[in-house]
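Step one of this worksheet: look at the structure below.
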Amino acid sequence: MLRVFPRIALTAVFGISVALSGCGRKEEDKKNMVPSLPVMQVGSGTADIASSYSVRLEGRADAEIRPQVDGVLQEILVKEGDLVRKGQPLFRIDDSTYREQYNTAAAASQAADAQASVARVNAEKLVPLVENKVVAPVQLTTARAQEQAAKAVAAQAAAQARAARINLGYSLVRAPFAGYVGRIPYRQGTLLTRNQTQPLTTLSDVGRMYAVFSISEAEFARFKRIYPGDTIDRKVAAVPPVALTLSDGSAYPEAGKLESLSGGFDRVTGSIGMRASFPNDGGLLRSGNSGTVSLSARFSDIMLVPQTATVDLQDKLFVFLLQPGNRVKKQVVTVSGKSGKDYIVTGGVRPGDTIVAAGIDKLKDGAPIKPIAAGPASAAPAAAPSAAANSGNAR
């Protein structure tokens with residue numbers, strides 16, 4: 001029995017040493033594991049950068065149609081949504097009162113004209129009598145004054161007749177321009193007044209639509225920087241055709257044109273208004289629609305880095321530069337926007353630098369890697385909203 005115990009002890013010691021040796025090898029293998037990661041060279045290229053803004057659409061002309069005389073709504077001559085021409089009758093207001101007022105004023109004007117004619121004849125009769133010294137000159141002077149007074153009364157009566165005729169004309173409400181009729185809240189027999197708060201309807205000329213939006217002061221500075229021209233008007237003219245995306249996500253088939261900027265910044269929001277116009281011959285757009293416009297700009301010789309090759313940490317973007325000995329260096333980069341799936345990089349790297357293209361989530365500064373070539377970065381064919389120009393609020 002005494003000889004057995006040493007053998008058992010030796011066996012146990014050997015087993016423990018083998019186990020410890022195996023664990024050590026596993027730990028050493030883990031330490032010696034070097035990840036194989038794709039790398040690429042930073043390249044320069046051309047990209048179309050688009051900045052997107054929320055917009056509100058307005059017609060070329062939007063007007064509230066209101067009654068200009070009091071009276072009962074006698075007839076509604078159009079339907080909601082009708083396309084009407086300029087001057088087309090829309091509503092008829094009971095005109096009996098205004099017709100009688102016009103007839104009375106017209107008769108008074110005729111009577112005043114007759115009195116003016118009599119006064120003129122009386123004055124002319126006195127001319128030869130004064131010349132022959134039959135009557136005193138003062139009588140002719142008085143007659144001339146009476147003639148002038150009669151003419152003034154006739155002119156006043158004519159003006160009253162014209163005013164009555166205008167009011168009579170207002171009883172038939174006509175379209176001030178061609179457009180689409182909006183909602184009609186009134187029905188036949190409603191008493192209308194010229195001071196009522198709610199209009200009879202609205203009329204929208206949507207032959208050409210305006211997309212109204214606003215940009216911040218920083219975005220305005222960027223706008224001045226990226227578009228050519230020595231004046232704001234020339235920079236506006238240099239903006240390429242504007243794309244419109246409707247609220248349902250569909251693209252409007254017609255391209256628009258940026259037309260103008262407002263004169264100054266809003267003191268409350270700190271933004272400046274802009275306006276783009278779109279043709280709307282088919283009437284697909286209506287006033288009040290919402291959507292998104294994209295202003296594009298083409299950049300040449302810019303550095304592009306895939307977003308997958310960056311890591312965001314404490315509001316900074318980093319890439320991993322490949323160093324001699326296949327070790328990586330964590331490098332902060334400066335980004336001015338996006339183009340497709342790439343960042344536009346303006347600092348931190350140079351064209352020709354090699355960076356890790358993917359799989360960098362757990363990578364640490366100075367870690368070794370096994371590089372796998374992934375090709376140079378290139379410009380993305382499609383444009384996406386830039387980081388520096390987030391969606392603006394329609395005003």
Side-chain angles (χ1 to χ4, degrees), residues 58-127 139-207 287:
E58 297 177 351
R60 181 162 45 193
D62 293 301
E64 292 183 342
I65 308 301
R66 296 179 176 275
Q68 293 181 274
V69 292
D70 302 340
V72 175
L73 180 58
Q74 194 173 55
E75 192 175 1
I76 300 175
L77 304 172
V78 291
K79 299 188 300 295
E80 295 181 2
D82 280 355
L83 175 62
V84 298
R85 65 185 182 279
K86 182 178 180 179
Q88 179 175 336
L90 305 177
F91 304 92
R92 188 186 302 278
I93 300 172
D94 183 18
D95 65 350
S96 56
T97 300
Y98 301 103
R99 188 170 298 280
E100 291 305 317
Q101 289 176 354
Y102 169 68
N103 291 336
T104 300
S109 177
Q110 292 174 0
D113 287 339
Q115 291 295 329
S117 297
V118 171
R120 184 180 68 253
V121 171
N122 291 334
E124 290 175 352
K125 282 191 312 183
L126 294 175
V127 173
Q139 292 184 7
L140 179 59
T141 302
T142 302
R144 293 290 190 192
Q146 290 173 348
E147 180 186 359
Q148 293 299 320
K151 287 182 178 179
V153 171
Q156 184 180 19
Q160 291 174 347
R162 289 193 297 269
R165 186 173 183 177
I166 290 173
N167 286 335
L168 178 61
Y170 284 155
S171 64
L172 185 61
V173 182
R174 299 178 181 272
F177 50 81
Y180 287 91
V181 177
R183 180 174 174 269
I184 303 175
Y186 296 97
R187 295 296 176 261
Q188 185 176 347
T190 304
L191 177 62
L192 305 176
T193 63
R194 68 190 73 189
N195 297 322
Q196 64 189 34
T197 58
Q198 191 172 26
L200 290 170
T201 187
T202 56
L203 191 65
S204 299
D205 179 0
V206 294
S287 293

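In this structure, the separation between CD on E80 and CD1 on I184 is 5.0 Å, given to the nearest 0.5 Å. In this structure, CG in L77 is found 6.0 Å from CZ in R92, a value given to the nearest 0.5 Å. One distance of note links CG of L191 with CG of D70; it measures 7.5 Å at 0.5 Å rounding. Remark: T104 OG1 to R99 CZ distance equals 12.5 Å, nearest 0.5 Å. Here the OG1-CD1 distance, from T202 to I65, works out to 8.0 Å after rounding to the nearest 0.5 Å. For the atom pair Q148 CD and R120 CZ, the distance stands at 11.5 Å (nearest 0.5 Å).
For R66 (side chain) and T197 (main-chain N/O), a donor-acceptor pair under 3.5 Å exists by modelled atom type. N167 places no side-chain N or O within 3.5 Å of a backbone atom of A164 that could act as its donor or acceptor partner. Within the 3.5 Å criterion, the main-chain N or O of G182 finds a donor-acceptor partner in the side chain of T201. At least one donor-acceptor pair closer than 3.5 Å links the side chain of Q88 to the backbone N or O of R85. Side chain of D95 to main chain of T97: no donor-acceptor pair is present (N/O by atom type, distance under 3.5 Å, no hydrogens or angles). At distances below 3.5 Å, not a single donor-acceptor pair connects side-chain atoms of D82 with backbone N or O atoms of V78.
Closest heavy-atom contact between Y170 and I93: O-CD1, 4.4 Å. Among all heavy-atom pairs drawn from A150 and A119, the shortest one is CB-CB, 3.8 Å. For G59 against V206, the heavy-atom pair with the smallest separation is CA-CG1, 4.4 Å. In this structure, S109 and A161 approach most closely via the heavy-atom pair CB-CB, 4.3 Å. Between D62 and S287 the shortest heavy-atom distance is OD1-OG, 2.8 Å.
Sequence neighbours left out, not one pair with a member in residues 172-184 passes side chain to side chain donor-acceptor pair (under 3.5 Å). Evaluation of the side chain to side chain donor-acceptor pair (under 3.5 Å) test over residues 186-195, restricted to residues two or more places apart or in two chains, returns Y186-Q196.
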- Query: Hey, mind stepping through V84 and L203 against side-chain contact (heavy atoms from CB on, under 4.5 Å) and telling me if it holds?
  - Reply: CA-CA 9 Å; V84 298; L203 191 65; 3.7 Å; yes
- Task: Could you go through the side-chain contact (heavy atoms from CB on, under 4.5 Å) check for L200 and L192 one step at a time?
- Result: CA-CA 9 Å; L200 290 170; L192 305 176; 3.6 Å; yes
